[in-house]
Enquirer: 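First the structure, which I've put down as structure tokens, then a few questions once you've had a look.
Below, chain A is the first sequence line, B the second, and so on; all start at residue 1. Since the structure is predicted, the reported quantities are computational estimates derived from the model, not experimental observations.
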Protein chains: 2
Amino acid sequence: MNKPLLNKYADQTAMLVAIDCIVFGFDGENLKILLIKRGFEPAKDQWSLMGGFVGKGEDLEAAAGRVLFELTGLNNVYLEQLKTYGEPLRDPYARTVCVAYFAFIDIKKYQNQLSDEYHAEWFQIDEAPQLIFDHNEMVEEARKRVRYKAALHPILFELLPQKFTIPQLQNLYEQVYATRIDNRNFIRKVTSTGLLIKLQEKDKSGSKRGAFYFKLDKKKYKAKFQSFLNFIPNPDQLLG
Amino acid sequence: MNKPLLNKYADQTAMLVAIDCIVFGFDGENLKILLIKRGFEPAKDQWSLMGGFVGKGEDLEAAAGRVLFELTGLNNVYLEQLKTYGEPLRDPYARTVCVAYFAFIDIKKYQNQLSDEYHAEWFQIDEAPQLIFDHNEMVEEARKRVRYKAALHPILFELLPQKFTIPQLQNLYEQVYATRIDNRNFIRKVTSTGLLIKLQEKDKSGSKRGAFYFKLDKKKYKAKFQSFLNFIPNPDQLLG
DNA sequence: ACAAAAGTGTTAGTTCTACACCCATGT
DNA sequence: ACATGGGTGTAGAACTAACACTTTTGT
């Protein structure tokens, strides 16, 4: 801005604004998050969420997208603003307000080599290390938000490849909610949404019989995304 | 912070951080929002949300609470972080990242005289004027969020006085969703939650017969706040 | 007596959950 | 032939939505 600051503005304290991303991935077995080894002080070499400062003329979501691209080489990642953290001492070095985003990526699209400079690693959520600043709290809130949202909306499809099987999908829900789901009821629910298109092809990697692949009906997915779908039985009990 | 900035930090652009509050109130008839006439440039004398800059050692939520207190004279207001807005040009005067909160207050507790310096006024939402910057967008998103959340959680009680009648409560839901609700089904739902304690006293202002007052069972309210309560029939259709 | 809002029950349809067996295939 | 995971059906319970009349009381 090249205008002179007005009185009301002039007295204010400017702060750094950062974004951090909680990146979730699913490898078919476990739900994971992507962490990096921080390359600079403070807290150099400690595990951390991937983040970065918001640039001068940069929008918040654009900053998150940029940071994700730097880390994963992926664009068009599912990205949602989680919450903004502004506790004055959260970053011991400078007053930094942090807008946290969570992201879902198809873990198989992740290009490990691209992120060598960050020493990025996937962790099972329960086995994740201690993180810097308030990042553990962010991860916890992101998990809660994901559980909340996925109980009502078909958000978890963003974690799967384009072709997936229903057992894979069920396993993903079971991971997210750390619970067992009855497969007959689950299949009935997901198919009754009309969101899935059955393919001829089968995935034989998981069993001898093989499981049919499905893909998302993109149009219906977009149309129904805001509907309450109720994938999870008794969700109340699982949201703690 | 009195340490020297590190390289990684030193190059970054500091920004102003503000909070804005979408303050909802309910007068028994209509759902309203509280707006002020902005007292300083830019956009002096235009209608605006109540807001303020985040102070040097101040937490975000504390800043929102402070601003609300300045405006209404009330403490312990229901306050929830909505979303953070950071479009680079959203404030034409200086790069300002804004953390928006929404608040619910019992409109009768509002002390009009305290806010004379802001020229605050209650507006029916549909009759609200054009607001500065991106504030109209914030109001729209807050309305959506309230509709979403109130369909599942007993949040709207925060808008009512301690004693309220079921017809008042129903009217509030009807205002929020701009819909008519069947009173028999509504009563059954709210009473079956166990959240209400019936008082002996009646409110005779609305009818000759009078309607019994109820109050919240605070313990159950806290315990059940996270449960999915489903107050609204077919909520999908109403959330647009 | 009547107007105006409060309060009360029932039924049919839908959805939810719990539950157990057969199927297809590779080895 | 058998082991492994994939896929299918049903019945009882719970919940939802649609629906209309009686009660109370101030005027």
Enquirer: Base, sugar-phosphate alone, or nothing: which one does A:Asn183 contact when heavy atoms must sit under 4.0 Å apart?
Expert: base

Enquirer: Using the closest heavy atom to pick a nucleotide of DNA chain D for each, name whichever of A:Ile166 or B:Gly210 lands nearer the 5' end.
Expert: A:Ile166

Enquirer: Is any side-chain N or O of A:Asn230 closer than 4.0 Å to OP1 or OP2 of C:dC16?
Expert: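 Checking C:dC16 against A:Asn230, a side-chain N or O does come within under 4.0 Å of OP1 or OP2.
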
Enquirer: Could you tell me the separation between the CG atom of A:Asp203 and the C1' atom of C:dT25, rounded to a whole number of Å?
Expert: 14 Å

Enquirer: Return yes if the base of C:dA6 and the side-chain atoms of B:Arg209 contain a donor-acceptor N/O pair under 3.5 Å, otherwise no.
Expert: yes

Enquirer: D:dG7 P sits how many Å from A:Gln170 CD, rounded?
Expert: 11 Å

Enquirer: Whole Å only: how far is the CG atom of B:Leu229 from the P atom of D:dT16?
Expert: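 Result: 11 Å.
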
Enquirer: In plain terms, say whether B:Arg38 and B:Asp45 are close enough for a salt bridge, that is, a side-chain N and a carboxylate O under 4.0 Å apart.
Expert: no

Enquirer: Hey, is the side chain of B:Lys204 poking within less than 4.0 Å of OP1 or OP2 on D:dG26, counting only N and O atoms?
Expert: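 B:Lys204 to D:dG26 OP1/OP2: side-chain N or O found under 4.0 Å.
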
Enquirer: Please determine, for the side chain of A:Pro233, which listed nucleotide (C:dT17, D:dA20, C:dC19) has the closest atom?
Expert: C:dT17

Enquirer: Please determine whether a side-chain nitrogen of the Lys or Arg among B:Asp134 and B:Arg90 lies less than 4.0 Å from a carboxylate oxygen of the Asp or Glu.
Expert: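 Here B:Asp134 pairs with B:Arg90 in a salt bridge, since their nearest N and O are under 4.0 Å apart.
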
Enquirer: Distance criterion of 3.5 Å, no angle test: do you see the side chain of A:Arg188 paired donor-to-acceptor with the base of D:dG9?
Expert: yes

Enquirer: Please give, in whole Å, the distance from C:dC16 P to A:Ile232 CD1?
Expert: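 Atom CD1 in A:Ile232 sits about 12 Å away from atom P in C:dC16.
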
Enquirer: Using heavy-atom distances to pick each residue's nearest nucleotide on DNA chain C, tell me which of A:Asn185 and A:Ser207 is more 5'.
Expert: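 Between the two, 5'-proximity favours A:Asn185.
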
Enquirer: Starting from P on C:dA1, measure out to NZ on B:Lys208 and report it in whole angstrom.
Expert: 15 Å

Enquirer: For A:Phe231 and C:dT15, what is the distance between atoms CZ and C1' respectively, to the nearest whole Å?
Expert: 15 Å

Enquirer: List the steps and the verdict of salt bridge (Lys or Arg N to Asp or Glu O under 4.0 Å) for B:Glu80 and B:Arg145.
Expert: CA-CA 10 Å; B:Glu80 183 174 330; B:Arg145 176 76 68 87; 3.7 Å; yes

Enquirer: Under 4.0 angstrom, heavy atoms only, what part of the nucleic acid is B:Ile187 near: base, sugar-phosphate, or nothing?
Expert: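 Base, at least one base heavy atom under 4.0 Å.
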
Enquirer: Name the nucleic acid region contacted by B:Asp182, choosing base, sugar-phosphate or nothing; use a 4.0 angstrom heavy-atom cut-off, strictly under.
Expert: base

Enquirer: Tell me the interatomic distance from B:Phe186, atom CZ, to C:dA6, atom P, rounded to whole angstroms.
Expert: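 After rounding, the gap between these two atoms is 12 Å.
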
Enquirer: Inspect the contact between A:Arg184 and A:Asp182 and indicate whether a charged nitrogen and a carboxylate oxygen are less than 4.0 angstrom apart.
Expert: yes

Enquirer: For C:dT17 and A:Lys189 - does any side-chain N or O of the residue sit under 4.0 Å from the phosphate oxygens OP1/OP2?
Expert: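 The answer is yes; a side-chain N or O of A:Lys189 sits under 4.0 Å from OP1 or OP2.
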
Enquirer: Could you check how far CZ of A:Phe212 sits from P of D:dG5, rounded to whole Å?
Expert: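 About 19 Å, once rounded to whole Å.
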
Enquirer: Would you mind checking if A:Glu141 and A:Lys144 are paired as a salt bridge, meaning a charged N to carboxylate O distance below 4.0 Å?
Expert: no

